[in-house]
Amino acid sequence: MSTTETSRSVLPPSRLLFLPEIIEILTVSLAPQDLFRCIQVCHAWYNLFTPYMYISINDHRHKWPKVLERFYLPQTTPNDQDEDWHLNLFRKHGRHIRHLQANWCVTLNALAAAQTCTQLETLSVPGQSWSRTRPEMVDSVIWRPPGLTNLSNETNLRTCDQHLRIRGRWLYLLVQQNRRTLQELKVLQLSKIEELDPGALGGLLQSCLRLHRLEISDQEWGDAAQTYIPSLVEDVPQIQHFIDGSMRWNKSLLKASLPNLKTLELGAPVPIRAVFQLLKNLPHLQELRMRWNQSPKLSRHDLGAILDHTPHRLERLNIVGIGFVNDDYLAKDILPWLPHLIDLSTQHIGPALAELIPTCYRNLRSYNQPIPVNSICPKYSLSHSRINTLSILLENCPHLVEFDGIEHKIEADYLLDHPWVCKDLEVLRFQIVGVHRLSEEEDMDYRQGKLFLRINKNLVEKEREAIEKHGRLQVQQRRVYDRLAEMVHLRVLDLGMEYRNISLPSGRPHIRYGVHVYEDYGRPIPDTLELSLESGLDRLSTLRELEVVGFEGVDHRIEYSELRWMGQSWPRLKEMRGLQEVKCENLRPDETSYLRAFMMQHYPNVKHKRKERFPRTHT
């Protein structure tokens with residue numbers, strides 16, 4: 001090959017940035033403010049990054065609320081961000097929007113009137129907590145974009161309020177304009193938006209051929225929702241994932257024909273008989289998430305009769321409402337009819353269920369524990385799970401990838417005596433307790449003894465004994481670290497959860513701290529890992545893929561040196577749970593603020609926050 005041909009076949013470095021593949025990789029990690037700076041560089045970069053600037057719009061974030069709050073006020077000047085600016089913005093860039101979460105009525109109005117937002121893939125409308133501009137709140141002023149009468153099609157719409165009518169009209173039009181691309185639709189509190197004929201909305205959604213996920217809810221519809229929601233879903237046979245967030249069980253769903261449904265999530269408590277009737281009517285269902293009401297109980301034989309004694313092929317099951325006392329019923333009567341589970345979520349696992357899983361579900365890949373409370377503090381937690389119960393999953397399920405059971409405890413000695421077979425774990429959340437630690441008095445003697453050793457001063461007997469005992473106790477912690485270090489694929493390692501009761505009303509006990517008296521929100525869990533370099537934390541250097549580390553509630557000894565080691569040894573670290581600021585009334589001064597300031601200064605990309613209480617759906 002000639003030199004000329006070789007030079008022509010190699011793309012110059014200056015042109016690499018303009019490859020779509022490179023741009024997609026770059027923009028994933030860029031915040032909106034970073035994208036805004038990019039489009040200001042030059043005309044080429046403006047054309048390159050603008051589509052990614054507007055690909056996702058959530059008018060409840062960034063500067064949107066500040067702009068929309070003052071929308072079309074009389075004192076705004078022509079150069080301000082008024083209604084014309086708002087409408088022209090979407091006329092110019094609406095074609096780039098793929099994901100929209102509209103919390104302001106004016107956003108829906110402007111997008112529908114602009115007629116350029118025709119490539120939406122996901123649309124989310126809250127419906128209940130609509131944000132209003134100042135004129136809407138004070139004078140009930142309704143913005144009527146140009147072309148209102150020409151664009152609207154209200155043949156099948158019935159209205160009860162002008163403000164709600166305007167919302168419903170533009171929501172209807174926006175869905176209509178995106179019927180060729182819309183894949184996911186989320187509309188909450190449907191009755192607060194409009195009174196719509198089910199045939200009208202159902203027919204419109206039926207024309208959305210790519211729509212596969214629908215989430216709706218209505219807390220105030222009453223008996224009308226009993227037929228409205230199932231009828232709406234039946235009109236859209238292509239739906240694969242359906243979420244009904246209503247808190248009232250809709251019996252009409254038992255009669256709905258949903259042949260393609262793969263995921264079903266219901267917010268209302270469902271009787272166990274109805275659960276199995278749903279399973280029979282939905283033979284292709286893969287994931288079921290709901291609150292179960294076991295009353296009245298049915299025997300294993302009666303449940304099997306509903307399924308014609310044919311086990312269902314359900315793969316993912318999320319149960320809320322069956323607690324520890326119902327563990328036997330769940331293990332002996334319900335789960336035997338679901339032998340293909342690979343993903344299980346329950347609030348608690350008792351001995352009966354723990355023994356069943358290794359026998360019947362050796363291919364289990366994920367266990368998640370929904371947390372209905374804010375704290376694992378023993379004084380306030382609702383959990384009564386037996387200690388060491390969940391260890392049986394780690395010992396017998398070789399394909400386990402996600403183990404999220406933060407309320408469950410495993411003793412350190414028990415952990416060391418029972419080897420784990422799940423070497424591919426990526427998520428590990430549980431509590432390690434029973435770690436041998438020095439008492440407060442012994443710890444003071446130990447620290448004083450170490451100081452005296454540095455200055456070559458003779459030790460008294462109790463200081464010498466404290467140092468010797470500390471050395472013996474460190475062996476246990478180092479062995480625990482060695483066990484965790486074997487999980488080289490871990491992305492999440494969480495050893496605790498918020499240990500203070502941050503939601504309990506008045507009546508908390510008080511504690512004295514110095515000369516001040518504060519309310520007692522709970523103390524760290526005793527006898528947990530120190531998480532100090534001295535105790536062997538550096539043995540976790542094998543966890544190079546770790547992205548999230550958590551130690552809320554752990555009585556740790558983390559200081560600057562430990563944080564510096566974490567930042568250097570875990571290059572992918574993105575989130576830390578345990579140093580975030582907690583704002584409570586009359587709370588004792590935050591003793592970790594200096595550590596948080598250190599992390600924010602040296603590792604600003606690491607976020608400090610709590611984990612969401614309830615795990616998200618897999619779909």
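Side chains are part of it too, since the values below use all heavy atoms of this structure and drop only hydrogens, waters and symmetry mates.
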Non-hydrogen side-chain atoms of T50 and L35 separated by less than 4.5 Å:
no
Contact between D424 and H399 at the side-chain level, heavy atoms closer than 4.5 Å - yes or no?
no
Quick one: does L416's side chain get under 4.5 Å of R479's, heavy atoms only?
yes
Do the side chains of R557 and R437 get nearer than 4.5 Å, heavy atoms only?
yes
Show the numbers, then the answer: is there a side-chain contact (heavy atoms from CB on, under 4.5 Å) between H241 and E215?
CA-CA 8 Å; H241 313 286; E215 179 175 354; over 6 Å; no
So which atom in Q431 and which in I406 form the shortest heavy-atom distance, rounded to 0.1 Å?
NE2-O, 2.9 Å
Interatomic distance, M497 atom CE to I525 atom CD1 [nearest 0.5 angstrom]:
11.0 Å
Student check: side-chain heavy atoms of E547 and E426 closer than 4.5 Å
no
Test side-chain contact (heavy atoms from CB on, under 4.5 Å) on Y54 and R98 and set out the steps.
CA-CA 8 Å; Y54 294 95; R98 299 294 181 270; over 6 Å; no
Is it true that atom NZ of K609 has more than 12 heavy atoms of other residues, nucleotides or ligands lying nearer than 6.0 Å?
no
T542 (side chain) donor-acceptor with V488 (main chain) under 3.5 angstrom
no
Distance in Å, H212 NE2 paired with L182 CG, rounded so as to fall on 0.5 Å steps:
9.0 Å
Go through E534 and R478 one step at a time and tell me if the salt bridge (Lys or Arg N to Asp or Glu O under 4.0 Å) criterion holds.
CA-CA 10 Å; E534 184 182 22; R478 289 167 184 159; over 6 Å; no
With a 4.5 Å cut-off on side-chain heavy atoms, are F403 and V427 touching?
no
For A412 and V435, work out which heavy atoms get closest and say how close.
CB-CG2, 4.1 Å
Taking atom CD1 of I432 and atom CG of L484, what is their separation to the nearest 0.5 Å?
5.0 Å
Looking at Y367 and T346, would you say the former's side chain and the latter's main chain have a donor-acceptor pair under 3.5 Å?
yes
So CG of L579 and CE of M599: to nearest 0.5 Å the spacing works out to 7.0 Å
Using modelled atom types and a 3.5 Å cut-off, is there a donor and acceptor pairing between side-chain atoms of T181 and backbone atoms of L120?
yes
Please evaluate residues V433 and I387 with respect to the criterion side-chain contact (heavy atoms from CB on, under 4.5 Å), reporting the C-alpha separation (whole Å), side-chain torsions for both, the decisive distance (0.1 Å), and the verdict.
CA-CA 9 Å; V433 297; I387 199 166; 3.7 Å; yes
Walk me through whether Q476 and D413 qualify under side-chain hydrogen bond (donor to acceptor under 3.5 Å, both in side chains).
CA-CA 8 Å; Q476 182 199 45; D413 288 338; 2.8 Å; yes
Within the supplied structure, the quantity of interest is the number of heavy atoms (other residues, nucleotides, ligands) at a distance under 6.0 Å from R365 CZ; does it exceed 12?
no
Is a side-chain donor-acceptor pair under 3.5 Å present for S56 with H99?
no
In terms of ring plane angle, is the pair Y560 and Y594 parallel, tilted or perpendicular, where the classes change at 30° and 60°?
perpendicular
With ring centroids as reference points, do F430 and H408 lie under 6.0 angstrom apart?
no
Distance col, row E442:CD vs L473:CG, nearest 0.5 angstrom, shows 8.0 Å
Taking the side chain from R95 and the backbone from K92, do they hold a donor-acceptor pair closer than 3.5 Å?
yes
Stepwise side-chain hydrogen bond (donor to acceptor under 3.5 Å, both in side chains) test for E411 and N388
CA-CA 7 Å; E411 292 175 317; N388 300 327; 3.1 Å; yes
For L493 against L495, the heavy-atom pair lying closest together
CD1-CD2, 3.9 Å
So is R483 actually on top of W420's ring, under 6.0 Å and inside 45° of the axis?
yes
State, yes or no, whether a side-chain contact exists between L174 and L100 at a heavy-atom distance under 4.5 Å.
yes
Roughly how far, to the nearest 0.5 Å, is OH of Y481 from OG of S535?
3.0 Å
Minimum heavy-atom separation for N178 and C117, please, with both atom names.
ND2-O, 2.8 Å
Please determine whether salt bridge (Lys or Arg N to Asp or Glu O under 4.0 Å) holds for the pair R447 and D443, giving the CA-CA distance in whole Å, both sets of side-chain angles, and the decisive distance to 0.1 Å.
CA-CA 6 Å; R447 295 181 183 278; D443 189 62; 2.9 Å; yes
Can L48 and I39 be said to form a side-chain contact (heavy atoms from CB on, under 4.5 Å), step by step?
CA-CA 8 Å; L48 192 64; I39 66 177; over 6 Å; no
Without swapping roles, check the side chain of S561 against the backbone of L533 for a donor-acceptor pair under 3.5 Å.
no
Are side-chain heavy atoms of L543 and W570 found at a separation under 4.5 Å?
yes
Using the salt bridge (Lys or Arg N to Asp or Glu O under 4.0 Å) rule, take R577 and D494 through it: C-alpha gap first, then chi angles, then the decisive distance, then the call.
CA-CA 8 Å; R577 302 166 183 165; D494 206 342; 2.8 Å; yes
For E440, is the CD atom crowded, meaning more than 12 foreign heavy atoms sit under 6.0 Å from it?
no
Measure across M487 and L425 and return the closest heavy-atom pair with its distance rounded to 0.1 Å.
SD-CD1, 4.0 Å
Side-chain donor or acceptor of E407 paired with backbone N/O of Q369 under 3.5 Å
no
Heavy-atom pair of closest approach, residues F551 and L531
CB-CD1, 3.6 Å
With distance as the sole test, does H93 use its side chain to make a donor-acceptor pair with the main-chain N or O of L89 at under 3.5 Å?
no
Establish, from distance only, whether the side-chain atoms of Q580 and E552 form a donor-acceptor pair under 3.5 Å.
yes
